[in-house]
Structure formats: C-alpha cells, structure tokens
Number of protein chains: 4
Amino acid sequence: MPPIVSDAHKENRKKEILNSAFVCFAKKGFQEATINDIVEHSGISKGAIYNYFKSKDEIYLELMSNQTVQVYENKKLELSKKKSAIEKLNFWFDAYLEMDPFLEENKAHFAIHIEFKLHASRNPELMEVLNERRHKYFVREIAEIISEGQMAGEIKQNVQPEVFADLFWSVIDGVVSQTIVYKDYPYQQTINEVKEMYLQRIMTTS
Amino acid sequence: MPPIVSDAHKENRKKEILNSAFVCFAKKGFQEATINDIVEHSGISKGAIYNYFKSKDEIYLELMSNQTVQVYENKKLELSKKKSAIEKLNFWFDAYLEMDPFLEENKAHFAIHIEFKLHASRNPELMEVLNERRHKYFVREIAEIISEGQMAGEIKQNVQPEVFADLFWSVIDGVVSQTIVYKDYPYQQTINEVKEMYLQRIMTTS
Amino acid sequence: MPPIVSDAHKENRKKEILNSAFVCFAKKGFQEATINDIVEHSGISKGAIYNYFKSKDEIYLELMSNQTVQVYENKKLELSKKKSAIEKLNFWFDAYLEMDPFLEENKAHFAIHIEFKLHASRNPELMEVLNERRHKYFVREIAEIISEGQMAGEIKQNVQPEVFADLFWSVIDGVVSQTIVYKDYPYQQTINEVKEMYLQRIMTTS
Amino acid sequence: MPPIVSDAHKENRKKEILNSAFVCFAKKGFQEATINDIVEHSGISKGAIYNYFKSKDEIYLELMSNQTVQVYENKKLELSKKKSAIEKLNFWFDAYLEMDPFLEENKAHFAIHIEFKLHASRNPELMEVLNERRHKYFVREIAEIISEGQMAGEIKQNVQPEVFADLFWSVIDGVVSQTIVYKDYPYQQTINEVKEMYLQRIMTTS
DNA sequence: CATGAATGAGATTTCATTCAT
DNA sequence: CATGAATGAAATCTCATTCAT
C-alpha cells in the first residue's frame, strides 16, 4: 500500500530496516556489512532504505540510540517496585546474572555496542553524545541509588556515589565483554563474585 | 646474483611495517586504514609490504600476536623481583594505576585490542587463538599468584584461583575500556577502588 | 464518476509545473535539478507531474517552446507602434539596453536558453526545431525590417538583410551571454557601442 | 611498463585521459558522459583514471585550463610578427575567419567551452577563475593592441580600450556560438561583416 | 627484492519513473 | 485525477592486490 500510508506503517518500515540492519551488523560488523546485505535480509529495496535513512551511518546511529534507551527503559519499570537501595543494586546485578551472554542474540548486542564505542572513540562529536547518554541513563541511575542508600544508612558514607556508579558499570562492562570472545568464561561465577565484592565494599557493616 | 638480504634486515623491515600499521590502525581502525596509509607512514613501497605479508589481514594478525606477548614479557621481568603474592597483585594493579590511559598512544593500544577482539568474535579460529593466549599469558599468571598466596596463607582458601584470575582481568579490562570513550572518567579513583575491593575480598583477615 | 476537470484547470496546472521547473532548472541546470526539486518548489505531487508530462525531458522541451514564443510575442505588440525601420531597430536594441542582465531572474533565463541550445546541439531533431524557430521568429523579423528600411531609403542597398539579421542576433547573443559569467562586464556600454556600430554600418549617410 | 615510469610517460597518460574525456564530453556533455565512457574510449582502467585525477570534476577543470591557455599561446606566437595595431586586429579576425566552425572537432570545442561557462555560472569560485582568465588572456590582449593603435594614431582616441576589447570578444563569441546549433548559419559572411563594422568604427578616418 | 602503475570488483548513493491505493 | 512509497539501474569512487620492469 504505497502512498498515503499511515505513520504507524512508516514506523514499522523503519523498524524492519533497523532490525535487518542489526542482524547484518551483528553478523559481519558495521563496516563489513553492506547495504546489499540489508536489502537481501529485509527484502526491502535499496531505494526504499534510502527513503528512510540518509546514509548507512544514519542507520547505525539510529540503531544505537534506540537500543540504549530501550534497554534502559525496560529495566526502569521493574526497578520502580524495589524499595531499598541494596535491593535495587541487587536487582541490577541479578538482571545481568540471569541473562545468558552466550546466547547468539545477546552476544550480537554486545558486539555491536562495543563496535559502536570504538567507532565513537574516533569521532569527537559521537563521543560527546555517548558521554552524555552514559551519564544521563546509566551513571546517574546508580549514583542516585547509592545516595539513597547512604541517607537510609545502608551504604557507607565514604563511598563516592559517582565513582562507585562508574565502577559499577565498568565492572559489568568488563565481565560482559569477555564473553563475546572467551567461550569458556565462567560468566555467572564471575558476576556473582563481582556482586559480592561490590556490595561487601559499600554496605555498612552492622 | 639476487641481492641476498640478511634475516636481520628482513626482521627489521617487518617491524617497520608493523609499527606503521599499528599507528594507522590505531588512528583509523583496521577497516578504515588503507595499505596506502601504511605506505605513506612507513615510506615502504606497496610491493615491498606484500613481499613480507600476504595480505592486510596477515599484518593485523601478526601485529596482534606480537603486541600481546610483548606487553606480557615486559611485566614478567619486573614481577620476578616481588616476593609475596599480595605484593605481586599490587604490582599488577599499580602497573595500571601508573599508566595514563588518556595518553593518545595508550588509547590507541586499547582501541586496537578491542577492535581485534571484535574481529575475532566473528571468526571461530581466531577466537580459539585468543582463548589460548588469554589463558597461557594472563589467566594462568594471576591464578598462580593466587594459589601461591593461598599456600602462604595470605589469601583465603575459598577463593577459586581461576575465577578470581578471570575476575581480575575482567575488571581491569572493564575499567580501562571506559577510558577510550569517556573522557572525564575518574580512572585512577576507579582503579584504586577496584584494587581495594579486590584485595579486601581475597585477603585473609588477620 | 471520475472527477471531470476543466481544460482551463489542466492548463493552469501545467503552467504551475512549468514555472517551477523553470526556477529549478535555472538554479541548478537541467541535469542537476531533480523531479523532487520541482515537487518541492511547486507543491504538486510527483504523480501529478507525470500525469501532465511523460518525462522530465518533455517538461524541458515544452518549457523551451513556450518561452521563446512568449518573449517574441511580447515584443511584437509594442513593436507594431513604431513606424520607420531605424526606429524599429532602435526599439530592439533599447529593449536589450533597458534590461538588467545581472538580475538573477534574467540571468536564469539566459542560462536556461544556452543550456538548451547545448542540449539541442547534440540532438539533430531538436536542432531542426530550433533552426526553424530562429528563422521564423527572429531572423525573419529583423530581415523584414531591414528590407523595409531599404525600400524607404533609410538603409544601404548593399546590406544583405538575412546576413545582417543573423549578425544582429549573433551580436546581441554574444554580448548577453557574457553577463552570465563575467560579473564586471560593462553591459550597457557594450550594447550601446554595438548599437552605434551596427547602425552606422547599415544606415545611408545623408 | 608500470612502475618507475618516466614523468614524460605519466604526462602522456594524463593527456590520453584528457583527450578521451574531451571526446566523450563533447559527444554527450559533461553530465551525460560517464567515467565508464572514458574508460571505454581510452582503454584505460577506471582505477588508473582515478590515479591521475581525483574526480570527474577535476578532469573537467584541467581540460578547461589546458585548452584556454593552449589556444591563447598558439596565437600569441604568430601574433608577435605583426607590426601595426590594425594588422594585429586583422590577424585575430582572420584567425576566426579561416577556421571552419562546422568541423565536428571545432564544434565540440565550442560546445564544451559553453558548457563550462554554464557550469561556472552556478559556481562562484569557478566564475572568479574564469573572470581572471578572461582578463589575463583575452581582454588585456586586445585592449593593449587598441592602446598601441591609439598611440600610433591608427585608432580613434575616443575608443575605450577595455570596452572595445570586451566588445571584440563578445561579438566573436556571439557569432561562433550560433554555429553549434544553426547549421545554415552564414558564418564567414557574418564574421566578415563584423570585422568591417568593428574596424570602421574604431579606425581614424584619414 | 623493490617499485608503484594498473586493475576491477564492489561499495555507497541518487533519481526518473511506476503504480497501488 | 492525486498521491508518494517503492523500485533498481546506473553513476561515482575506493582500495586490496598484482606484476612488469
């Protein structure tokens, strides 16, 4: 149904393209994957793709925006049910504990994200965007939980919220990123130890 | 009378090429960097480069082999002077603490390594190679220190050497990799906290 | 019940399209200007444009036909008021003298015409059409004036009407076409000199 | 003989490409002619062409530079033999009188030049270049001759050298450009009349 | 062995035209 | 008749690799 098409349809079409692009980028990497790959995988013509996106780069960018926000929003909902700070942190750790990082789909996710960070590291403007996003969506989130916990007396006063928020994501990132290459990596054990270690370090000893 | 060139000379040329390749890959990424970039940077002709390496991929591969081993061997020497396990772990942490990860050269190092891991993640054979290398050069190294520490009574018996060795590198990797994108990242504070946390978790409490 | 649209309405739409096409072709040239440019400028949909014209080329062709005739018809009216041949030639020269060839709109006019002539020079059929038009509308016009003038004794007998008609347009064309590129070109002075020179050459010396 | 090739050979290669480009551009126009056309006509590979020119535009530009200067330098030599100003002007007129503008090769020349001017008219930087070139190579040339003639008493004092130099080229340009479209155009008669008219206007009447 | 000109497959992107609604 | 999403041929340009000298 070509013309005078609903906005919903157009959104769908964009999503179809993004989904195919995601699969292709995941399989081959951004550079290696071609527009033709996306054409073949999506069944959408080359011209149509360029009707929705100005360039291959734009597909990449939009893919990244959506993903980050999506992941974050998903968690946010469930998180609102938790009460104490430690419960919330536990929730975050458990989210990673329960996820299977060796699942092809998940590996693809990480791979694309890492690739994107790499891409960004060579592009100052993009770095700025990622920096902001990291703070707005991730660091602030954990830092606030820590502050909350300090006010409630659950977490030691000498813990700097920002630093430990950075630390939290660094550690998660470090563990997760091993799994895309090292296939016998003891993921769950490591996450568990990380959790223990992290909480032991920040919790007030009653 | 073909000009017989000494093996030493051949090794030198290979190293020149690899050095230039390193710089170029660091600056633009493996895919973006072209053979012409390497030609320009090294001053070595295109034909000559293809005399020493069968393909651009091969340059990449060899670059990675050398680098990993090199980093490891460097540390190994100094490490042999340390006596206790905790001293040795401290040494490793301090090595990262003292390094400036925002230095362009170092960032380049990490970027290339991450890119290579990504590359490998899409190539089973390469993954195998990386797996082995990680174990042989890195995991085993820390695991042995931990075992040593347990025998000496410095480290808790319930600490699984392999898991904590994996953990060690995951955490380091996680922290370091943030620095290539996030420019205000509190690197030293984070490394310090990681060190504290890690040691606090494994050391026997006297 | 297909909506029966009046012929007048259809003519109007065609004119709207042609006007927009003119602006777009003038701004970018025929090849550079796209159907989308015309769509944007006219506010008429792509499909509608193709209802009125079979192709982009057809738009171009029709545009050229109209324009030439239009310019000619405009002048024709005023010209009928002049009496003597010299007065008529003066009128033609003055028409060009009074026009500002650096006005963006006028420059566009010339540019399009020149481009079209170029286009035609590579297409024998089109050349034929232009040839005829040139004679029918332009050369004959001036040649007749000259003949008139000769009969009235105003113009020398040894002046060949056809040659000097060709000459007239060549010279005008030559002067005008400089202005589309050379911005400091002394247009009015040159036209004036041309006029002097031309009249001095053909007028009988009393 | 690919590598370590003489500069002369490289210049030749460039000329081959330019020649083929000239033919292709003349036949189809700059936009219409493709790199593939040039590849086919020259027998030189696409890659090789891009080794010598950064882009299709650059080929065009260089083609134009060369041509203009070439035409000018050719005339310059013969011109130096003429003594009086009127003789020199006669020489210029005769140069155009003797040339056959209906010869396919010559038509191509003009067509390309006109197309280039059109192209330039939409590109301010290029216009600047053309402006300069026009003055440096063409206007100044004629203006100097006129001044010379005035000092020698051959040419009227009230003739403004710059204006009549502009006029000279405008008129020539106007006449020549008719020939690319109008095939029955009385070229020689018109040039002859132009010459008469021009000289009659500027020469002192003894 | 060194050189660097030549190659050409293949990548991205554009745009006139069609046609289902 | 109007609409504008879809199409895909074709254009420009890149770059790893080869090979004659």
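Here is how names work: the chains are called A, B, and so on, in the same order as the sequence lines, proteins then strands, and each is numbered from 1.
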S.K.: Going 5' to 3' through nucleotides 11-17 of chain F, assign each nucleotide B (protein heavy atom under 4.0 Å from a base atom), S (under 4.0 Å only from sugar-phosphate atoms) or - (no protein heavy atom that close).
M.R.: SSBBBSB

S.K.: Is the terminal nitrogen or CZ of B:Lys14 (NZ for Lys, CZ for Arg) located under 6.0 angstrom from the six-membered ring centre of B:Phe53 and within 45° of that ring's axis?
M.R.: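 Output yes; distance and angle both within limits.
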
S.K.: Could you give the CD1-to-P distance, from C:Ile17 to E:dA16, as a whole number of Å?
M.R.: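 Checked: the CD1 to P distance equals 15 Å.
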
S.K.: Could you tell me whether the side chain of B:Arg122 and the main chain of A:Ala26 form a donor-acceptor pair under 3.5 Å?
M.R.: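 Yes, B:Arg122 side chain to A:Ala26 backbone: donor-acceptor pair under 3.5 Å.
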
S.K.: I need the CD1-P distance between A:Ile49 and E:dA11, as an integer number of Å.
M.R.: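 Spelled out: CD1 on A:Ile49 to P on E:dA11 is 14 Å.
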
S.K.: Is it true that a side-chain atom of A:Lys56 and a backbone atom of A:Ala33 form a donor plus acceptor pair closer than 3.5 Å?
M.R.: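 Yes.
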
S.K.: Can you check the C:Lys28 NZ to E:dA16 P distance for me, whole Å?
M.R.: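 For the pair C:Lys28 NZ and E:dA16 P, the rounded distance is 10 Å.
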
S.K.: Closest-nucleotide mapping onto DNA chain F: is A:Ser45 or C:Ser45 further toward the 5' terminus? I mean the 5' end.
M.R.: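 Nearest nucleotide further toward 5': that of C:Ser45.
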
S.K.: Figure out the CD/P separation between D:Glu11 and E:dA5, and round it to whole Å.
M.R.: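 For the pair D:Glu11 CD and E:dA5 P, the rounded distance is 13 Å.
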
S.K.: Separation of A:Asn12 atom CG from F:dA5 atom P, in whole Å?
M.R.: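 In whole Å, F:dA5 P and A:Asn12 CG are 15 Å from each other.
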
S.K.: Given atom NZ of A:Lys10 and atom P of E:dT21, what is their separation to the nearest angstrom?
M.R.: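 The answer, rounded to whole Å, is 17 Å.
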
S.K.: If the P atom of E:dC1 is compared with that of F:dT21, how far apart are they to the nearest Å?
M.R.: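 Roughly 22 Å separates the two P atoms.
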
S.K.: Does the side chain of D:His119 come within less than 4.5 Å of D:Asp57's, by heavy atoms?
M.R.: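 Yes, close enough: below the 4.5 Å cut-off.
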
S.K.: From CD1 of A:Ile38 over to P of E:dT13, roughly how many Å is that when rounded to an integer?
M.R.: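 Taking CD1 of A:Ile38 and P of E:dT13, I get 11 Å after rounding.
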
S.K.: B:Tyr52 has a side chain; which of F:dT7, E:dT7, E:dA2 sits nearest to it?
M.R.: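 Shortest atom-to-atom distance from the side chain points to E:dA2.
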
S.K.: Answer whether the closest heavy-atom distance between the side chains of C:Ile180 and D:Lys117 falls below 4.5 Å.
M.R.: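 The answer is no; the side chains never approach within 4.5 Å.
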
S.K.: Write out all pairs satisfying salt bridge (charged side-chain N to carboxylate O under 4.0 Å, His left out) with one or both partners inside residues 30-53 of chain D, taking only residues at least two apart or from two chains.
M.R.: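 Listed once each, the pairs are D:Lys28-D:Asp37.
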
S.K.: Could you check whether the rings of B:Phe25 and B:Tyr60 sit parallel, tilted or perpendicular, using 30° and 60° as the cut-offs?
M.R.: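 B:Phe25 and B:Tyr60: perpendicular rings.
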
S.K.: When you look for runs of 3 or more Watson-Crick or G-U pairs in a row, both distances below 3.5 Å, which of them include DNA chain F?
M.R.: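 Stems found: E:2-21 with F:2-21.
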
S.K.: Once you round it to whole Å, what is the distance between C1' of E:dC15 and CD1 of C:Ile59?
M.R.: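 Roughly 13 Å, once rounded to whole Å.
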
S.K.: Give a yes/no answer on whether the side chain of C:Arg13 brings an N or O atom under 4.0 Å of OP1 or OP2 in F:dA2.
M.R.: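 Yes, within the criterion.
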
S.K.: If you take all heavy atoms of A:Leu61 and A:Leu126, which pair is closest and at what distance?
M.R.: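 Heavy atoms only, the tightest pair is CD1-CD1, 3.5 Å.
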
S.K.: Against the six-membered ring of A:Tyr52, is A:Lys15 placed for a cation-pi contact (under 6.0 Å from the centre, within 45° of the normal)?
M.R.: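 So A:Lys15 doesn't make the cation-pi contact.
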
